[in-house]
Amino acid sequence: MVTVKFGSNRQITFGGNEFAVLAGPCAVESRDQFTAAAQGVKKAGASMLRGGIHKMRTNPDSFQGLGNGAFSFINEVKNEVGLPFVSEITDARQVGDMLAVVDMFQVGSRNMYNYSLLKELGRTQTPVLLKRGFSATVEEWLLAADYIVKGGNENVVLCERGVRTFEPTTRNTLDLNSVAYVKAHSSFPVIVDPSHGTGRPELIKPLSLAAAALGADGIMVEVHPNPKQSLSDAFQALSFEQFDDIMVDVEKVLSALGRKRLSN
Ligand code: PEP
Ligand code: MN
């Protein structure tokens with residue numbers, strides 16, 4: 001089990017009987033956008049807030065994230081809604097600055113093989129959400145997690161976010177086999193990211209329900225107050241209404257299986 005501590009004495013735990021829902025925008029774009037997103041996902045019952053500060057974009061001309069410009073308001077927003085915060089670290093040199101705002105580091109798909117970053121995160125005690133590389137085998141993904149653990153940080157949660165296949169209909173092919181495999185053969189908690197896994201808002205709900213049904217420890221989804229105006233991944237961003245609807249049905253699947261959503 002992995003515990004994420006936040007605030008003066010609050011915490012949430014991954015890998016128990018409870019199902020975590022991590023939600024928020026692809027990228028933190030402004031204080032207003034982040035505040036609205038945080039309030040919306042909190043109201044729907046999210047367990048944790050997400051939002052990229054440093055974005056790994058395929059196109060160098062695309063929005064790269066606010067970077068350190070976001071640091072002035074993140075803590076205020078987090079404390080106002082009372083949710084822990086996860087954000088991607090893209091470079092080992094960011095550890096010190098990011099520790100001031102994150103409760104959990106995210107390692108993105110493109111950095112799963114960045115062993116110097118993994119070693120650096122192994123030197124902290126802050127939980128790490130390790131996304132699967134989009135061309136990584138399950139074995140490579142588990143070995144990447146071991147880099148962090150062997151460095152001294154056992155607080156690793158895995159995240160299946162889809163792999164690249166011959167199929168162009170969806171952005172990636174969400175590999176739910178890997179989630180069932182990890183649950184059966186490793187002790188790491190594992191969550192599912194159906195936003196990047198499908199790249200299609202209409203598929204995020206069915207895959208979220210599948211994640212709950214198959215025993216994943218949670219999901220991470222991208223939600224934006226104005227999906228069409230998203231500065232990154234607008235095509236897959238969920239509205240608050242769509243997110244609420246997913247939360248209601250996830251609850252039903254979980255309760256049928258004697259599980260619960262992680263409360264906040
Ligand atoms: C993200 O979750 O913000 C992200 C960039 O996803 P991935 O690393 O899976 O592409
Ligand atoms: Mn995204």
Side-chain angles (χ1 to χ4, degrees), residues 20-29 33-34 37-38 41 46 48-60 62-67 70 74 84-91 94 98 101-114 117-118 121 127-136 138 140-141 144-145 156-165 170-176 178-179 190-201 203-204 207-208 211 216 218-239 242-243:
V21 178
L22 287 58
C26 180
V28 175
E29 299 170 3
Q33 172 258 13
F34 189 54
V41 301
M48 190 156 178
L49 187 57
R50 65 147 286 146
I53 296 171
H54 301 287
K55 295 302 297 175
M56 297 282 289
R57 305 305 300 284
T58 303
N59 185 337
S62 301
F63 176 58
Q64 302 285 310
L66 293 180
I74 298 258
F85 178 58
V86 58
S87 193
E88 182 171 349
I89 178 162
T90 57
D91 187 306
Q94 295 158 357
M98 288 196 73
V101 294
V102 299
D103 304 288
M104 183 183 219
F105 286 115
Q106 177 173 321
V107 174
S109 190
R110 290 159 188 77
N111 264 319
M112 189 210 83
Y113 292 110
N114 184 343
L117 175 62
L118 302 180
L121 294 172
V128 178
L129 182 65
L130 178 63
K131 289 196 139 194
R132 180 179 178 186
F134 51 70
S135 61
V138 173
E140 288 167 340
W141 187 27
V156 181
V157 176
L158 301 175
C159 179
E160 163 63 45
R161 50 78 73 206
V163 291
R164 189 169 277 182
T165 68
T170 49
R171 185 178 185 183
N172 290 287
T173 297
L174 191 64
D175 178 14
L176 295 180
S178 80
V179 182
V190 57
I191 69 167
V192 174
D193 172 355
S195 294
H196 295 91
T198 67
R200 288 179 169 267
L203 302 186
I204 296 173
L207 273 307
S208 297
I219 48 171
M220 176 157 81
V221 293
E222 290 188 344
V223 182
H224 195 284
N226 287 303
K228 288 202 180 81
Q229 266 143 50
S230 227
L231 295 183
S232 57
D233 289 355
F235 52 86
Q236 70 191 28
L238 296 176
S239 65
Q242 289 169 312
F243 180 57

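One-based numbering, in listed order, for ligands and for the atoms of each. Worth saying up front: this structure is predicted, and the values here are computed from it rather than measured.
- Glu222 has its closest N, O or S atom to the Mn ion (ligand 2) at the position named OE2.
- Atom numbering of ligand 1 starts at 1 in the shown order; those under 4.0 Å from a heavy atom of Arg161 are 7 (P), 9 (O), 10 (O).
- Between the side chain of Ser109 and the main chain of Lys131, no donor-acceptor pair closer than 3.5 Å is present.
- For the pair Gln64 (side chain) and Ser62 (backbone), a donor-acceptor distance under 3.5 Å is present.
- Residue-level check: among N/O/S atoms of Asp233, OD2 sits closest to the Mn ion (ligand 2).
- With Arg57 contributing its side chain and Phe63 its backbone, the two residues share a donor-acceptor pair below 3.5 Å.
- Phe34 and Phe85 have their aromatic ring centers within a separation under 6.0 angstrom.
- Checked by atom type and distance alone, the side chain of Thr165 never pairs as donor or acceptor with a backbone atom of Thr173 at under 3.5 Å.
- Between Arg110 and ligand 1, an N or O atom pair is found at a separation short of 3.5 Å.
- Close to ligand 1: Lys131, with a non-hydrogen atom less than 4.0 angstrom away.
- Closest to atom 8 (O) of ligand 1 among all protein heavy atoms lies Ser109 N, 2.8 Å.
- When non-hydrogen atoms are compared, ligand 1 lies under 4.0 Å from the side chain of Glu88 (C-beta onward) but not from its backbone.
- Taking every non-hydrogen atom of Gly108 and a distance limit under 4.0 Å, the qualifying atoms of ligand 1 come out as 8 (O).
- Side-chain atoms of Gln236 do not come within 3.5 Å of backbone N or O of Pro201 as any donor-acceptor pair.
- Within the 3.5 Å criterion, the main-chain N or O of Leu231 finds no donor-acceptor partner in the side chain of Gln229.
- Assignment of Arg132 to the shell around ligand 1 is not supported, since no heavy atom sits closer than 4.0 Å.
- Per-residue contacts place Lys55 under 4.0 angstrom from the following atoms of ligand 1 (heavy atoms of the residue considered): 3 (O), 5 (C).
- Looking from atom 3 (O) of ligand 1 to the surrounding protein, the closest heavy atom is Arg50 NH2, 2.8 Å.
- Looking at heavy atoms from C-beta onward, Asp91 lies out of side-chain contact with Leu117 at the 4.5 angstrom threshold.
- Rounding to 10 degrees gives 170° for the angle at the Mn ion (ligand 2) between NE2 of His196 and SG of Cys26.
- Glu140 places no side-chain N or O within 3.5 Å of a backbone atom of Ala136 that could act as its donor or acceptor partner.
- Close approach to Gln106 involves these atoms of ligand 1, each under 4.0 Å from a residue heavy atom: 1 (C), 2 (O), 3 (O).
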